[in-house]
Trainee: 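This is the structure I want to talk about, given as structure tokens.
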Amino acid sequence: MSNDPALWQEWEGRVVPRSFSSGYIVLSYAVSFVGAWTTLELFNRRTSRKGLYNWYLLCGSSISMGGIAIWCMHYIGNRAIVLGNSQFAIQIDYSPTYTAVSFFVPITVLLVAFIVLGADDRVSIVRVTVGGTLAGLAICGMHYLGQAGISNYTCIFSIGNVIGSVVIVIIASIIALSVFFVLRAAWTNSWWKRAICASILACAVFGMHWVASIGTNYRLKHGVRSLTHSISRDSTAIIVIVLSITACFILFGLAILAQRRRSRSAHKAQHVVLASVIFDMHGRLLVTPEGHLPNQKLTTSYIEWSLDDEFGVSYPIFQWIFRTTRNWSSISTLLPGMRNHLYNASRRRESQSSSKDQINHGSGEGEPRDDPTVIFREVFCVAAADLAEQLNEPLENIGILFDEILSTGQAKTSSKSKVPWSSRESSKDLESDGRAMAALGRGQLLFVVRRANKREAERFAASGYRFTELQNVAQIITRSMQINCSDLVGRLTSMYEYSSDTNALKPGVHLACFAIRASVRGGFDVLVRKDARSKLPTMQLPLDSLDSWQLNFLSQLDGYYVNTCVKFLKERLASQDITKREQTFARQLYGAIVTLDEQIGDTFFTDAQLIAKPISVPCYGSGGDNSKASYAALITFRIIVPIQFRAQGPKVAFTPLSFFRTQQCVYKNSPDHARFARAIHKEFGPLVNKKRMSIKDEVASLDSGSSQRNLSKRLKSNVKGLSDVPTKSEGVPKAHTGISRGLRFWRRRQPSGEIRASPKVAPDGSSEIELVQTQTFGGIMVSQEVSVDVRNFEGFSRQKDWAHDDESGGTDTGEIQMGTTGEAMKEVDDSETFVDRLLAICIATR
């Protein structure tokens with residue numbers, strides 16, 4: 001500071017008059033507002049008291065509040081104080097020690113205050129009051145500590161202003177934090193609402209500072225003329241400006257990050273996306289701090305496998321991934337190979353599109369195209385693994401696939417149909433929900449769901465995720481992912497119930513209705529419960545099992561219609577020639593029929609016929625123990641309803657029979673898991689573990705001078721891979737795709753190929769058809785053998801005759817829709833379930 005002896009002697013020991021610069025006053029509030037807004041933005045992202053991520057946010061918010069909103073605001077505010085006639089020699093200077101201490105003291109106090117405030121969604125008046133009081137004291141403490149650091153003046157404070165400033169800052173801090181936490185708990189704290197809270201908090205700092213400053217006078221100290229270690233107000237202002245700009249960059253970065261996430265979410269809404277839905281023990285949903293679901297993109301658009309069929313729950317590919325999510329361990333060892341295969345496939349497509357001299361695949365020459373069904377399944381598995389890595393979870397804990405697909409993106413509705421979504425949704429079957437997604441949106445959303453225990457929930461919160469009530473984030477999720485659903489809360493509630501994975505019946509005896517109808521798209525639809533789409537409409541009887549006398553009683557009702565059964569049971573109850581135990585059983589059966597009729601809520605049930613012989617159905621063990629599967633007895637009413645029939649009851653709906661059948665194979669500890677895992681390894685093992693050489697590589701090797709003998713050796717080594725395909729005795733499905741290992745020289749449908757079929761009888765008496773595909777290449781014949789087992793199926797010929805009759809003039813048409821892609825999907829169809837037995841009975845008695 002320059003010394004002016006005359007000016008100094010004039011004011012030494014006297015109170016120097018002061019004035020204020022309006023520009024710096026406005027700037028001081030702006031700096032405080034930026035610091036407070038940065039604080040709330042960082043604090044809003046806190047999800048727990050634990051975790052390094054949350055401690056970074058806690059320290060960052062303490063620094064931005066204490067170091068910028070308070071400390072920087074104080075020194076910018078003091079820069080607005082003009083002493084004397086603004087002579088430079090008598091302006092305020094600061095002690096470096098006090099200035100440094102005044103920076104760290106409010107940060108430390110605010111760190112304690114923010115720890116007290118916590119990070120959960122609950123609004124605690126006590127915590128907000130204590131935290132707001134500590135924050136107010138931190139502001140006051142910093143102000144008066146900074147004033148004590150003025151090296152060339154003695155500050156004279158007005159007691160009234162001191163008390164008023166303390167009251168103002170504490171009340172304003174409590175109000176600002178209360179509003180912030182109330183909005184945060186309700187998930188209504190959008191950026192502009194946080195900005196309002198920040199303005200209130202900045203007003204607390206600003207108001208306290210200027211109430212105290214107005215009541216402060218400055219007396220020039222005696223004998224202080226040369227201060228070599230003091231900091232001028234201009235130097236302090238430079239430091240403040242740098243810190244304030246840093247806070248602005250932080251806010252700008254957070255805004256860009258939020259905008260990128262919104263854009264990315266809107267972009268994903270046009271694609272097929274896999275989202276993770278995780279609930280805690282209280283049914284709260286895991287989301288990011290912005291209220292979004294963790295997700296990964298699968299493909300660039302929905303997969304349309306044919307001109308008239310869209311990707312849905314009835315499609316074999318969906319059923320394959322549905323089973324895979326119940327058996328993640330079956331693909332965990334294949335993931336590195338899948339990633340490598342996808343990378344190579346992408347490189348091949350790029351090279352084929354850019355190369356002008358590529359081989360024309362349409363002519364039947366060159367290496368075959370990659371099977372899109374295989375690619376999609378690999379993409380799903382890799383995306384699930386990436387989603388698990390995003391959540392820092394092992395793949396086995398990622399969850400199970402939800403049995404619905406939601407459409408996303410902007411809907412393409414025609415001008416003729418202006419029915420709102422809610423009314424369309426209420427009139428649709430589950431089957432159509434699973435198939436007609438393309439007409440409702442440009443993308444599709446799949447969900448893997450699970451429940452987290454207390455320790456897992458704490459770990460998720462420590463890593464940066466939040467758990468909240470469904471209604472708090474339903475609108476945020478719907479808007480961000482552009483989900484075409486009017487009741488996402490209801491869907492999420494269904495997912496919570498579904499996440500318990502109790503798709504099997506309880507032990508005992510159940511009365512059920514097996515109602516099927518032919519589907520327009522092929523196959524059948526089956527009537528299921530809306531609240532448990534893997535279960536038939538059932539009513540449990542108070543019985544653990546059926547004795548022989550009960551089976552004899554039921555045999556009298558075999559083939560009876562519902563009305564006839566009810567009439568028979570009423571007559572038996574009124575009869576005097578019935579034993580007490582038969583009377584009790586008749587009463588139980590009568591009550592179950594009436595209740596089941598009410599549950600279905602439709603008149604068609606009266607036309608259903610009884611299958612008196614109980615059918616064994618997998619169920620969980622007694623006492624709620626699901627560690628070991630057992631079997632329940634199912635007494636079933638069967639009926640085939642017309643193809644135009646629609647379920648009218650509020651508790652039931654139709655779903656594709658093929659998918660319902662798949663659901664019966666995925667209960668916990670099902671024996672089908674092992675055979676499904678074996679089929680996956682047989683199908684994908686050769687694909688992901690061995691390299692495939694293209695025809696161009698062979699041509700290149702010939703051009704380089706390789707001999708015919710070397711080519712023959714390579715051919716033999718590649719053709720030898722065909723013999724590695726396991727036979728029936730090794731557990732391979734009866735019908736398989738026969739994926740070759742190693743070099744391929746032709747397309748499967750090459751016109752010049754020859755397919756020979758020869759029947760033969762297997763040792764077990766079953767008939768087989770042996771298909772042999774032959775090709776010639778350079779004088780060498782290569783054959784590929786595929787064995788198809790034609791097993792006797794009860795009612796099969798009758799089913800064919802019935803379908804033929806319907807085509808010629810009937811009203812009901814249908815066929816059993818089976819998977820057609822991949823060994824693992826054929827493995828699904830190869831395992832018999834109770835659904836097959838019921839279907840066989842329905843068709844055989846048609």
Side-chain angles (χ1 to χ4, degrees), residues 44-48 118-123 181-190 193 261-262 265 268-269 273-296 325 387 390-391 393 397-408 421-422 425-426 430 433 441 444-454 456-461 463-503 529-533 650-651:
N44 183 61
R45 284 164 169 76
R46 285 195 70 210
T47 56
S48 173
D120 52 21
D121 289 341
R122 293 177 299 174
V123 180
F181 277 99
V182 168
L183 295 175
R184 184 176 189 267
W187 285 83
T188 55
N189 58 336
S190 55
K193 293 182 180 179
R261 288 180 175 175
R262 285 194 295 268
S265 180
K268 287 181 178 180
V273 177
L274 178 66
S276 175
V277 178
I278 301 177
F279 301 95
D280 65 1
M281 302 303 294
H282 305 289
R284 298 183 303 169
L285 180 65
L286 178 139
V287 293
T288 65
E290 294 83 10
H292 302 163
L293 293 174
N295 60 81
Q296 285 287 335
T325 61
L387 186 58
Q390 177 183 338
L391 295 168
E393 282 279 288
N397 292 345
I398 192 65
I400 57 178
L401 189 68
F402 186 54
D403 58 2
E404 277 191 81
I405 303 175
L406 297 185
S407 63
T408 59
W421 168 265
S422 58
E425 188 179 61
S426 60
L430 299 177
D433 280 346
Q444 291 172 299
L445 186 60
L446 286 70
F447 302 93
V448 283
V449 300
R450 62 163 294 201
R451 293 188 187 183
N453 57 36
K454 183 178 180 181
E456 290 172 333
E458 290 177 351
R459 183 167 53 80
F460 280 124
S463 60
Y465 293 97
R466 294 175 63 182
F467 284 95
T468 185
E469 301 297 333
L470 303 181
Q471 62 272 14
N472 291 339
V473 292
Q475 290 298 325
I476 298 176
I477 296 173
T478 302
R479 183 172 59 254
S480 64
M481 306 192 78
Q482 300 181 15
I483 300 176
N484 299 324
C485 178
S486 61
D487 184 23
L488 186 60
V489 174
R491 297 294 178 93
L492 292 173
T493 303
S494 299
M495 293 180 196
Y496 174 71
E497 297 170 354
Y498 186 84
S499 62
S500 62
D501 197 21
T502 56
N503 59 313
R529 291 165 48 182
K530 279 186 176 180
D531 60 340
R533 290 179 287 271
K651 297 181 180 180

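Source: prediction; values computed, not measured.
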Trainee: Starting from the C-alpha separation in whole Å, work towards a yes-or-no answer on side-chain contact (heavy atoms from CB on, under 4.5 Å) for I278 and F460.
Mentor: CA-CA 10 Å; I278 301 177; F460 280 124; 3.8 Å; yes
Trainee: Looking only at heavy atoms, which two atoms of R533 and F402 are closest? And how far apart?
Mentor: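 Reported closest heavy-atom pair: NH2-CZ, 3.1 Å.
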Trainee: Can you tell me how far the CZ atom of R491 sits from the OG atom of S486, to the nearest 0.5 Å?
Mentor: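 Reported value, rounded in 0.5 Å steps: 7.5 Å.
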Trainee: Of all heavy-atom pairs between E497 and R451, which one has the smallest distance, and what is that distance?
Mentor: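 It is CA-NH2, 4.0 Å.
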Trainee: Quick one: CD1 on I400 to CE on M495, what's the gap to the nearest 0.5 Å?
Mentor: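 I400 CD1 to M495 CE: 11.5 Å, rounded to 0.5 Å.
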Trainee: Applying side-chain contact (heavy atoms from CB on, under 4.5 Å), run through L293 and L285 and close with a yes or a no.
Mentor: CA-CA 9 Å; L293 293 174; L285 180 65; 3.9 Å; yes
Trainee: Is a side-chain N or O of T478 found less than 3.5 angstrom from the main chain of Q475, in a donor-acceptor match?
Mentor: no
Trainee: Check the pair S48 / E458 against side-chain contact (heavy atoms from CB on, under 4.5 Å), numbers first and verdict last.
Mentor: CA-CA 8 Å; S48 173; E458 290 177 351; over 6 Å; no
Trainee: Can you tell me how far the CD atom of Q296 sits from the CG atom of L446, to the nearest 0.5 Å?
Mentor: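 Going from the CD atom of Q296 to the CG atom of L446 covers 13.5 Å.
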Trainee: What distance do R46 atom CZ and R466 atom CZ have between them, rounded to the nearest 0.5 Å?
Mentor: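 Result: 11.5 Å between the selected atoms.
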Trainee: Would the distance check show the side chain of Y498 and the main-chain N or O of L492 forming a donor-acceptor pair, the cut-off being under 3.5 Å?
Mentor: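 Pair absent, no side-chain N/O of Y498 close to backbone of L492.
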Trainee: Evaluate T408 against V273 for side-chain contact (heavy atoms from CB on, under 4.5 Å), listing each step before the verdict.
Mentor: CA-CA 9 Å; T408 59; V273 177; 6.0 Å; no
Trainee: Is there a donor-acceptor contact under 3.5 Å from the side chain of T47 to the main chain of A461?
Mentor: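 At least one qualifying donor-acceptor pair exists.
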Trainee: I need the single residue from I476, D280, V473 that forms a side-chain contact (heavy atoms from CB on, under 4.5 Å) with T468. Which is it?
Mentor: V473
Trainee: Mind listing the closest non-hydrogen atom pair of L391 and S276 along with its distance?
Mentor: CD1-OG, 3.4 Å
Trainee: Quick check for you: to the nearest 0.5 Å, what is the distance between T493 atom OG1 and D487 atom CG?
Mentor: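 The CG atom of D487 is 7.5 Å from OG1 of T493, to the nearest 0.5 Å.
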Trainee: At their closest point, which heavy atom of A457 faces which heavy atom of A452, and how far apart are they?
Mentor: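 Scanning both residues completely, I find the closest heavy atoms to be N-CB, 4.2 Å.
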Trainee: So which heavy atom on Y465 is nearest to which on P294, and how close?
Mentor: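 Looking at all heavy atoms of both residues, the closest pair is CE2-CG, 3.8 Å.
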Trainee: Under the side-chain hydrogen bond (donor to acceptor under 3.5 Å, both in side chains) test, which residues partner R450, sequence neighbours left out?
Mentor: E393, E456
Trainee: Report the distance from atom SG of C485 to atom CD1 of I477, rounding to the nearest 0.5 Å.
Mentor: 11.0 Å
Trainee: Looking only at heavy atoms, which two atoms of M281 and N453 are closest? And how far apart?
Mentor: SD-CA, 3.8 Å
